[in-house]
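Step one of this worksheet: look at the structure below.
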Amino acid sequence: MSMALSRPGRRMYSPAVGPGNPIAPPMRVEITDDGVAVGSCTLGLVYEGPHGYCHGGISAMLIDQILGHAHAAQGRPGMTVALSLRYRKPVPLQTPLRITAWVDPEDVSDRRTGPKAAIATAEDPDTALVEASGVFVVPNPEQVRRIFGDAGQAG
């Protein structure tokens, strides 16, 4: 891909949320007033792993993306340096999903954040199908400008 097609801060072709990427799951993310990232989507058959259920790698990609939103909601863009998932139950296809992520204030330091996340069905949001935790690091200001462009400017 030519660099002319992609600019820092713009994620048109992201496999997780890029509107220009035909394989990107249709996840929409909102940030609540208390900084919780809430994603919603319904995964079609192209995301199948076991018959009728989502491939675990797709669950991991959704989790990584929503964790990034929760980290960024703290006013600092960052990148994943560790990701841990626990697959509790299969994630069904063709079922509205709720993907949430949050940051406990005790899990924040100068350069690192430890957000948590879960995937559940929209019908039963209190029953986690996948649970996760991550470690996100805040890059230095030059890295922020290079990677995130104008979208990385806090304030």
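Since this is a predicted model, take the numbers as computed values, not measurements. The figures that follow rest on heavy atoms only: side chains count, while hydrogens, waters and symmetry mates do not.
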Gap between atom [atom2] of [Y] and atom [atom1] of [X] - 0.5 Å precision:
{"X": "Met61", "Y": "Cys54", "atom1": "CE", "atom2": "SG", "result": "8.5 Å"}
{"X": "Leu83", "Y": "Leu85", "atom1": "CG", "atom2": "CG", "result": "4.5 Å"}
{"X": "Leu67", "Y": "Trp102", "atom1": "CG", "atom2": "CH2", "result": "9.0 Å"}
{"X": "Arg28", "Y": "Ile99", "atom1": "CZ", "atom2": "CD1", "result": "11.5 Å"}
{"X": "Arg112", "Y": "Phe136", "atom1": "CZ", "atom2": "CZ", "result": "12.0 Å"}
{"X": "Ile63", "Y": "Lys116", "atom1": "CD1", "atom2": "NZ", "result": "12.5 Å"}

Could you report the tightest heavy-atom contact between [X] and [Y], atom names first, then the distance?
{"X": "Val103", "Y": "Pro115", "answer": "CG2-CB, 3.8 Å"}
{"X": "Pro139", "Y": "Gly78", "answer": "CD-CA, 3.9 Å"}
{"X": "Cys41", "Y": "Pro26", "answer": "CB-O, 3.5 Å"}
{"X": "Ala37", "Y": "Ala70", "answer": "CB-N, 3.8 Å"}

- Message: Membership question, hydrophobic clusters at under 4.5 Å side-chain separation (ILVMFWY): are Val137 and Val135 in the same one?
- Response: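 Yes, Val135 and Val137 fall within the same hydrophobic cluster.
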
- Query: Between Thr100 and Ile66, does a side-chain contact (heavy atoms from CB on, under 4.5 Å) hold up when you go through it step by step?
  - Reply: CA-CA 7 Å; Thr100 55; Ile66 200 78; 5.9 Å; no

Between [Y] and [X], is there a side-chain heavy-atom distance shorter than 4.5 Å?
{"X": "Val46", "Y": "Glu48", "result": "no"}
{"X": "Leu45", "Y": "Gln94", "result": "yes"}
{"X": "Leu97", "Y": "Ser40", "result": "no"}

- Without swapping roles, check the side chain of Tyr53 against the backbone of Lys89 for a donor-acceptor pair under 3.5 Å.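 Flag not set: sc Tyr53 to bb Lys89 has no pair under 3.5 Å.
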
- Query: Does Tyr87 use its side chain to pair, donor to acceptor, with the backbone of Gly56 at less than 3.5 Å?
  - Reply: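 Yes: the side chain of Tyr87 pairs with the backbone of Gly56.
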
Result block: side-chain N/O donor-acceptor pairs under 3.5 angstrom for residues 119-133, not counting sequence neighbours:
from, atom 1, to, atom 2, distance (Å)
Thr121, OG1, Asp124, N, 3.1
Asp124, OD1, Thr127, OG1, 3.2
Asp124, OD2, Thr127, OG1, 2.7

- Query: Does the pair Leu62 and Met27 meet the rule for a side-chain contact (heavy atoms from CB on, under 4.5 Å), with working shown?
  - Reply: CA-CA 8 Å; Leu62 292 172; Met27 182 166 68; 3.9 Å; yes

- Going through the distances and angles, do Val36 and Ile31 end up as a side-chain contact (heavy atoms from CB on, under 4.5 Å)? CA-CA 6 Å; Val36 175; Ile31 305 298; over 6 Å; no

- Query: Does any pair with a residue in residues 54-68 pass side chain to side chain donor-acceptor pair (under 3.5 Å), and if so which ones, sequence neighbours excluded?
  - Reply: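 Every side chain to side chain donor-acceptor pair (under 3.5 Å) pair that includes a residue of residues 54-68, provided the two are not neighbours, is Asp64-Thr80, Gln65-His69.
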
